[in-house]
Amino acid sequence: MDPLSQLLAHPHAEGAFTLLMSMRAPWAVRVEDESALTVVIVTSGGGRLEAGGVGHELATGDVALVRGPLPYRVSDAAGSATLAIIEPGQRCVTPDGAPLDLALAHGLRHWGNDPDGPDTMIVASYADVGSVGRFVTDVLPEAAVLPAGALDPALVAHLAREIARDDLGQSVVLDRLVDVVTIESIRAWTAAHPPARPTWVGGVGDPAVSAALRAMHAEPERAWTVAALARRAAVSRATLAARFTDLVGTPPLRYLTSWRLALARDLLVDRALTLDAVAGRVGYSGGFALSTAFTRAFGVSPAAYRRRLAEGPRRVGAEPGGSTRA
């Protein structure tokens, strides 16, 4: 399974917070919820997104991917005063800190300063996408804007209809639709914007490198060597090593270490798994070997990382002293 397929398989990526926002000018909302990834789809009217010091004008049909956890702002225009701040846990307050959740709620998954406002947007936020998910989100800019038509309009229309429904199993249907929209948006962005620096995305278009990536992603527990990966890719060891390093930005076995440790971090969420069990799933001989590699990469032991997980979702999304880019 490749990183994009794994993105939404992480336990903390299950169930994005999703709503329809309807606004009437002037309006502005500052989002400080620390979500790892947010998808914004303009369904009518327009607006402005400001993230990372860059402003983006949004029109009907445009889609924006906002990579957290830094704050961003959506508004009708650059000079509009902020009427609401979204805090962690999706708590809504005024700029002075007064609660706004009830004042701006308009029934099921509908929020804004005017229920009939002309500017409407679907907003779906993932609190955390896990370490594997960060392999994906790290290739995105802080805000990636796709023009109208980049997503299938029928898919967006289906999502909009489901947001307003309250049938049996509705939350599951909505979650899966949001997942599909998220994946399709990331696909569209990466296809139209080749990464400025080497990443795993750059290797997908090369048959040999892609074959090696698929092998490592699908079977991280195998004792891969460059020679074994080269046989899978049907090229020589030297050819694979050179092409992989050039396109992905790191040698094959170093990438494999990064992938294994990212998987290990996500598996540690499941406290029913022993450290030895996690180690076996990601290609380490035992808990001690995994602990040594994990501590070297992240600056914290697996046991200490598990304790951080228990402290809540805001700590889960934090990098514990290191990066998955080993």
Side-chain angles (χ1 to χ4, degrees), residues 1-10 13 16 31 35-43 46-74 121-126 128-156 159 178-214 217 243-250 255 258-259 262 323-325:
M1 189 180 289
D2 62 77
L4 184 52
S5 300
Q6 288 261 358
L7 169 63
L8 301 171
H10 182 269
V31 183
S35 293
L37 182 66
T38 300
V39 184
V40 179
I41 307 171
V42 182
T43 49
R48 178 179 172 84
L49 168 68
E50 298 172 23
V54 179
H56 306 269
E57 299 300 327
L58 302 177
T60 301
D62 290 353
V63 179
L65 295 164
V66 185
R67 177 169 57 85
L70 295 178
Y72 63 95
R73 187 175 189 266
V74 285
M121 302 178 184
I122 295 172
V123 182
S125 300
Y126 293 93
D128 186 29
V129 293
S131 296
V132 168
R134 280 189 283 277
F135 268 73
V136 177
T137 58
D138 280 355
V139 307
L140 299 172
E142 202 161 317
V145 178
L146 297 164
L151 289 186
D152 184 347
L155 176 61
V156 175
L159 175 59
V178 171
D179 290 350
V180 171
V181 166
T182 301
I183 290 175
E184 288 294 321
S185 299
I186 294 172
R187 278 179 174 172
W189 172 263
T190 55
H193 301 82
R197 53 179 171 76
T199 69
W200 64 271
V201 174
V204 171
D206 182 284
V209 175
S210 182
L213 285 168
R214 285 197 305 272
H217 294 157
R243 282 158 64 174
F244 196 103
T245 303
D246 181 55
L247 293 171
V248 180
T250 188
Y255 178 88
S258 299
W259 178 246
S323 167
T324 54
R325 296 167 192 246

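Residue numbers run from 1 in the order of the sequence given. Just so it is clear, the model here is predicted, and its values are computed rather than measured.
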Supply the atom-to-atom distance [X] [atom1] to [Y] [atom2], rounded to the nearest 0.5 angstrom.
X	Y	atom1	atom2	result
L247	W200	CG	CH2	13.5 Å
T137	L65	OG1	CG	10.5 Å
Y255	T250	OH	OG1	10.0 Å
L146	I41	CG	CD1	10.0 Å

Decide yes or no for [X] and [Y]: does some side-chain heavy atom of the first lie under 4.5 Å from some side-chain heavy atom of the second?
X	Y	result
P198	D246	no
V40	L49	no
T190	V204	no

How close do [X] and [Y] get, heavy atom to heavy atom, and via which atoms?
X	Y	value
A124	V178	CB-CG1, 3.6 Å
A51	Y72	CB-CB, 3.9 Å
Y126	S35	O-CB, 3.4 Å
G203	V248	CA-CG2, 4.3 Å
A143	H56	CB-NE2, 3.8 Å

(message) Whether the side chain of R73 engages the backbone of E50 through a donor-acceptor N/O pair (distance < 3.5 Å, no angle test) should be reported.
(response) no
Excluding sequence neighbours, so at least two apart, what forms salt bridge (charged side-chain N to carboxylate O under 4.0 Å, His left out) with [X]?
X	value
R243	D206
E184	R187
D62	none

(message) Exactly one of I122, T60, L159 should register a side-chain contact (heavy atoms from CB on, under 4.5 Å) with T43. Which one does?
(response) I122
(message) Let's go through L37 and L140 carefully: what are the C-alpha distance in whole Å and the side-chain angles of both, what is the deciding distance for side-chain contact (heavy atoms from CB on, under 4.5 Å) to 0.1 Å, and is it a yes or a no?
(response) CA-CA 10 Å; L37 182 66; L140 299 172; 4.2 Å; yes
(request) Return the set of residues passing ring pair (Phe, Tyr, Trp, His ring centres under 6.0 Å) with H193 (not counting sequence neighbours), or none when no residue passes. (result) W189
(message) Restricting to side chain to side chain contact (heavy atoms under 4.5 Å, CB included), what partner residues turn up for P207, sequence neighbours left out?
(response) none
(message) Restricting to side chain to side chain donor-acceptor pair (under 3.5 Å), what partner residues turn up for E142, sequence neighbours left out?
(response) none
(message) Please determine whether side-chain contact (heavy atoms from CB on, under 4.5 Å) holds for the pair V181 and L155, giving the CA-CA distance in whole Å, both sets of side-chain angles, and the decisive distance to 0.1 Å.
(response) CA-CA 7 Å; V181 166; L155 176 61; 3.8 Å; yes
